[in-house]
2 protein chains.
Amino acid sequence: MASERDEEGGTGTLGKAMSVLEAVALAERPMRFTDVLAVSGQPRGTLHRQLSHLVQEGLLELRPDHAYVPGLRLLKLASASWARNEFRAVAAPFLEALHRQTGETVHLGVLRGREIIYLDKVESRQAVRMNSQIGNASPAYCTGVGKAALAALDAEALDALLSGLEFRRFTPQTITSRAALLDELARIRLSGIAFDREEHEPGIRCVAAPVFDAGRALVAGVSVTGPAYRVGEVQLDDWAPRVRHAAGAIMAELSARLGPQR
Amino acid sequence: MASERDEEGGTGTLGKAMSVLEAVALAERPMRFTDVLAVSGQPRGTLHRQLSHLVQEGLLELRPDHAYVPGLRLLKLASASWARNEFRAVAAPFLEALHRQTGETVHLGVLRGREIIYLDKVESRQAVRMNSQIGNASPAYCTGVGKAALAALDAEALDALLSGLEFRRFTPQTITSRAALLDELARIRLSGIAFDREEHEPGIRCVAAPVFDAGRALVAGVSVTGPAYRVGEVQLDDWAPRVRHAAGAIMAELSARLGPQR
DNA sequence: AACTCAGTTCCAAATAATGGAATTTTTGGA
DNA sequence: TCCAAAAATTCCATTATTTGGAACTGAGTT
């Protein structure tokens with residue numbers, strides 16, 4: 001039994017709570033009770049209690065005007081998550097080197113499901129702040145790091161991810177078919193380099209290379225990104241070897257630092 | 001009834017899950033099952049299921065060597081929490097102005113219970129990265145922003161916070177008695193300025209001013225911080241009016257931007 | 001081979017979550 | 001200011017999930 005019931009948001013009570021939390025936290029604007037009710041599809045009473053619990057736990061905040069906004073406890077947890085991420089720590093010096101070599105923005109992103117989550121970013125100008133990009137998620141199929149990461153997956157895992165994937169067209173260049181994506185991934189596997197020529201955001205180009213570690217079940221990517229007016233084909237080709245080299249160096253350091261054994 | 005039962009980690013299943021999550025996420029080093037068992041005080045079976053759920057939800061990650069580490073979903077949630085925080089957004093330009101005026105590190109922290117949670121930080125040198133400080137929590141009674149925030153509380157709220165508060169001595173200058181803290185808060189209320197002369201970390205001094213908004217139930221503080229060798233009494237006194245001014249400007253902007261009404 | 005310790009699975013009993021409907025509060029229009 | 005409609009909150013018998021002691025597995029040791 002229960003063949004088609006369990007799909008997402010499934011871990012008993014916790015799963016439901018998290019799915020409500022995410023709905024509220026990732027919404028563009030503050031949501032009131034009824035807004036949440038509409039997207040959550042849960043009965044009034046149930047949802048109300050779930051929200052109350054989330055508020056009591058400090059994961060959400062209930063403003064005086066009845067709007068639910070993300071709570072501060074999330075920040076506390078995330079700073080730990082970021083500061084203690086070993087992969088990020090290992091990669092950091094290589095990202096900085098890559099930034100010095102290119103002068104453009106460098107990203108580190110890991111694959112999580114069909115999304116890329118940005119773990120780190122090195123950028124020149126701009127005041128020092130938690131970058132809004134860090135922690136952000138983008139679809140894997142239309143970003144440089146995303147495609148690089150997908151190319152590092154084995155056939156089985158890739159197939160699982162791709163089944164049922166819906167392609168959304170972000171720009172005229174976005175890849176919107178499974179066949180085209182598979183072609184692109186084959187090309188990336190051969191060259192070890194993924195390009196993003198304004199496929200996700202108009203005016204933004206990037207070069208990326210895969211970083212993976214089977215032993216740690218880690219699939220990620222590094223990239224150098226810049227505005228199209230500054231970054232032409234020549235520039236992309238010039239950066240490609242440097243990005244590939246950085247990716248290789250990170251992988252080498254990973255196995256050296258975190259043990260070639262276990 | 002239920003007089004001494006409910007205290008912390010109390011919101012049914014969610015509360016227990018969060019308390020386990022926090023124990024793992026805020027630990028210094030990765031914890032294995034038995035380590036968590038020791039601190040959580042829960043039965044084996046129960047804890048095992050809770051951890052499994054947290055892993056399934058992506059809040060924790062279970063490494064191949066059986067160590068639990070914070071998961072990536074936390075980052076995703078936190079970036080939303082940070083990016084969408086209206087108070088932070090309103091204060092940001094004033095923090096930057098304060099940084100330009102002083103050349104030293106500027107903090108914005110809000111009071112949550114007995115702790116100060118740092119919401120933002122502006123700092124000069126140092127590569128651009130999510131600052132480890134953001135999202136960090138420190139005890140309120142021994143930090144500049146913390147004392148400033150406490151001074152903005154009314155007698156009743158302050159009393160509730162102080163009852164049962166344990167003073168930990170971080171440095172020889174740390175305030176370690178309720179009476180001394182109340183004296184200090186009275187002084188802060190008069191002058192509108194809180195100093196931290198190496199009370200929390202040796203070699204670190206700071207000037208802070210309270211930022212609060214009764215309508216929004218917001219109690220916070222802004223500060224300028226620097227190393228003792230560069231920051232003497234003269235410097236502190238010189239910055240004090242600027243910090244107080246920035247705090248005032250933030251409060252004014254708050255009521256202007258987010259509505260003088262509700 | 002026997003032992004130990006860490007991790008995992010099992011299942012009847014206990015507990016917390018559910019959800020439909022009633023109640024209270026807020027909103028905004030007359 | 002008052003009233004009606006909408007939104008938010010509370011209630012509680014039913015139902016589903018969590019609980020936790022104990023038994024099991026398996027890797028590493030003596």
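Here is the naming used below: chain letters follow the sequence lines, and residue numbers restart at 1 for every chain.
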N or O in side chain of Gln42(A) less than 4.0 angstrom from dA17(C) OP1/OP2:
no
Gap between atoms CG and P, on Asp65(A) and dG28(C) respectively (whole Å)
12 Å
What is the separation between atom CD on Gln56(A) and atom P on dA17(C), rounded to the nearest whole Å?
11 Å
Quick one: salt bridge (Lys or Arg N to Asp or Glu O under 4.0 Å) partners of Asp159(B), sequence neighbours excluded?
Arg178(B)
Contacts of His66(A) and Leu14(A) projected onto DNA chain D by closest heavy atom; the upstream (5') one is His66(A)
With the criterion being N/O to N/O and under 3.5 Å, what pairs connect the protein with nucleotides 21-28 of chain D, and how long is each?
none

Could you work out, with ring-ring contact (aromatic ring centres under 6.0 Å, His included) as the rule, every residue matching Tyr68(A), not counting sequence neighbours?
none
How long is the line joining NE2 of His53(A) and P of dT15(C), in whole Å?
17 Å
Bend across the helix from dA1(C)-dT30(D) to dA30(C)-dT1(D), to 10°, with axes taken over 5 pairs at each end?
40°
Name every residue in residues 27-36 of chain B that has at least one heavy atom under 4.0 Å from any atom of DNA chain C, in order of residue number, or write none if there are no such residues.
Arg32(B), Phe33(B), Thr34(B)
Distance below 4.0 Å between Thr13(B) side-chain N/O and dA17(C) OP1 or OP2
yes
What's the spacing between Arg114(A) CZ and Leu150(A) CG if we round to 0.5 Å?
11.0 Å
Would you please classify the geometry between the Tyr141(A) ring and the Phe167(A) ring as parallel, tilted or perpendicular, with 30° and 60° separating the classes?
perpendicular
Please work out which of the three classes, parallel, tilted or perpendicular, describes the rings of His200(A) and Phe170(A), given edges at 30° and 60°.
perpendicular
For dT17(D), take OP1 and OP2 only and decide whether either is under 4.0 Å from a side-chain N or O of Lys16(A).
no
Below 4.0 Å: OP1/OP2 of dA8(D) and any side-chain N or O of His48(A)
no
Hey, does Leu182(B) have a side-chain heavy atom less than 4.5 Å from the side chain of Leu158(B)?
yes
Between Glu86(B) and Arg63(A) (salt bridge meaning N to carboxylate O under 4.0 Å), is one present in this structure?
yes
Strictly by salt bridge (Lys or Arg N to Asp or Glu O under 4.0 Å), give each pair with a member in residues 40-53 of chain A just once, sequence neighbours left out.
none
